[in-house]
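Working notes, structure below.
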Amino acid sequence: MELERSRIVVAGASGLIGSALVRSLTADGHEVVRLVRHAPRSADEVRWDPENGRVDAAGLDGCDAVVNLAGAGVGDRRWTDAYKTRIRSSRVHGTTALAEAVAAMERPPRVFVNGSAIGYYGETGDRAVDESAPAGEGFLPALCVEWEAAAAPAREAGVRTVFTRTGLVVSSGGGAWGRLFPLFRAGLGGRLGDGSQYWSFVSLHDEVAAIRHLLDREDLSGPFNLTAPHPLTNRQITAAMGRVLRRPTPFPVPAAVLRAALGEMAGDVLGSARVLPARLEESGFRFAFPEIDGAIRAAL
């Protein structure tokens with residue numbers, strides 16, 4: 001059943017996914033309260049400090065749902081030890097603070113949707129995985145495991161808790177894909193490494209629609225892969241970008257160059273994650289853009 005004119009708290013409301021979700025919710029008449037790091041400037045803002053695990057719990061009163069999409073960008077800069085610490089703390093400490101605040105409420109929300117990522121599965125090669133697969137090995141899988149575990153206080157308090165394991169979001173407005181569009185438009189796009197690695201993508205439209213589906217359905221909890229049903233190799237996606245944008249794609253980026261430029265993060269770019277949205281499809285969700293060409297056109 002759809003939440004009607006609900007009060008929904010969103011952390012990470014200024015990010016790519018969060019801002020699109022807020023626009024969608026407010027357009028349908030929902031009251032959205034945004035968690036912000038600065039002093040509140042309007043009635044729809046509530047102060048929090050995710051790195052230090054603090055949130056103004058009074059600002060959550062009366063909310064029907066909490067959506068946590070906050071976290072330092074994984075692809076924003078090179079993974080130094082200091083930045084990896086920031087990536088972790090912004091997610092784990094923030095989730096802990098929100099989950100504990102939710103658990104302590106006299107009237108807790110009906111649902112707590114917590115962001116996660118398909119980085120949970122690590123390197124999968126050609127093997128397709130769904131939500132039943134175990135966590136992989138490395139920095140991102142360990143981060144996702146800890147990130148999801150931090151929501152335990154809300155779940156243990158009886159709040160329906162959902163984890164959105166998001167893939168690569170196809171958008172020209174930000175995220176990793178936002179960096180690809182200018183290159184391809186300039187005719188400078190090309191495969192990364194040998195291009196055989198699988199990229200599990202999702203259109204921004206379907207990402208937001210899936211989150212709203214998970215908010216609305218009171219029978220759904222646990223992890224859900226937010227990826228289109230047909231993951232493709234980087235080589236196939238490169239061809240699709242060239243096809244839709246009508247540009248040549250002649251400049252492959254050698255793996256050695258990526259490793260020199262990106263350091264440890266290159267392993268994520270060159271790694272293969274063939275992830276399927278099994279539980280999401282089983283729940284009845286239907287993708288508006290299940291194929292890559294449509295997802296790219298929707299982002300233009």
When you compare the side chain of [Y] with that of [X], does any pair of heavy atoms fall below 4.5 Å?
X      : Y      : result
Trp48  : Leu60  : no
Val67  : Leu215 : yes
Arg110 : Glu218 : yes
Phe287 : His230 : no
Arg191 : Phe251 : no

Qualifying salt bridge (charged side-chain N to carboxylate O under 4.0 Å, His left out) pairs with a residue from residues 149-173, counting only residues at least two apart or across chains: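 Every pair satisfying salt bridge (charged side-chain N to carboxylate O under 4.0 Å, His left out) with a residue in residues 149-173: Glu148-Arg165.
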Looking at [X] and [Y], does any basic side-chain N land under 4.0 Å from a carboxylate oxygen?
X     : Y     : result
Asp56 : Arg47 : no
Arg5  : Glu31 : no
Arg34 : Asp44 : yes

[X] side chain vs [Y] backbone, donor-acceptor pair below 3.5 Å:
X      : Y      : answer
Thr166 : Leu226 : no
Arg185 : Leu245 : no
Arg91  : Ala72  : yes
Asp194 : Ser196 : yes
Asn234 : Leu192 : yes
Asp126 : Ala128 : no
Gln236 : Leu232 : no

Set of residues satisfying ring pair (Phe, Tyr, Trp, His ring centres under 6.0 Å) with respect to Tyr198, sequence neighbours excluded: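 So Tyr198 forms no ring pair (Phe, Tyr, Trp, His ring centres under 6.0 Å) with any residue.
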Ring pair (Phe, Tyr, Trp, His ring centres under 6.0 Å) partners for His205, two or more places apart: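 With neighbours one apart ignored, the set is Phe289.
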side-chain hydrogen bond (donor to acceptor under 3.5 Å, both in side chains) assessment of Asp130 paired with Ser132: CA-CA 5 Å; Asp130 62 19; Ser132 65; 2.5 Å; yes
Atom pairs and distances, side-chain donor-acceptor, residues 8-27, under 3.5 Å, sequence neighbours left out:
unit_1, atom_1, unit_2, atom_2, d
Ser19, OG, Gly15, O, 2.7
Ser19, OG, Leu16, O, 3.3
Ser24, OG, Arg212, NH1, 2.8
Thr26, OG1, Val22, O, 2.8
Thr26, OG1, Arg23, O, 3.2

Polar contact flag, side-chain donor to acceptor under 3.5 angstrom, Gln197-Thr233: no
Of Leu143, Val145, Leu140, the residue whose pairing with Tyr120 passes side chain to side chain contact (heavy atoms under 4.5 Å, CB included): Val145
CA sep, side-chain torsions, deciding dist, call: Tyr121, Asn225, side-chain hydrogen bond (donor to acceptor under 3.5 Å, both in side chains): CA-CA 11 Å; Tyr121 304 105; Asn225 295 333; 2.7 Å; yes
Single-linkage hydrophobic cluster Val162~Val66, side-chain heavy atoms < 4.5 angstrom: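 Cluster IDs for Val162 and Val66 differ.
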Inter-residue atom distance Arg86.CZ - Asp81.CG, 0.5 Å rounding: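 Arg86 CZ to Asp81 CG: 15.5 Å, rounded to 0.5 Å.
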Which donor-acceptor pairs under 3.5 Å do side chains of residues 292-300 form with protein atoms, sequence neighbours excluded?
unit_1, atom_1, unit_2, atom_2, d
Asp293, OD1, Arg243, NH2, 2.8
Asp293, OD2, Arg243, NE, 3.0
Asp293, OD2, Arg243, NH2, 3.3

Residue list, side chain to side chain donor-acceptor pair (under 3.5 Å) with Ser172, at least two apart or on another chain: none
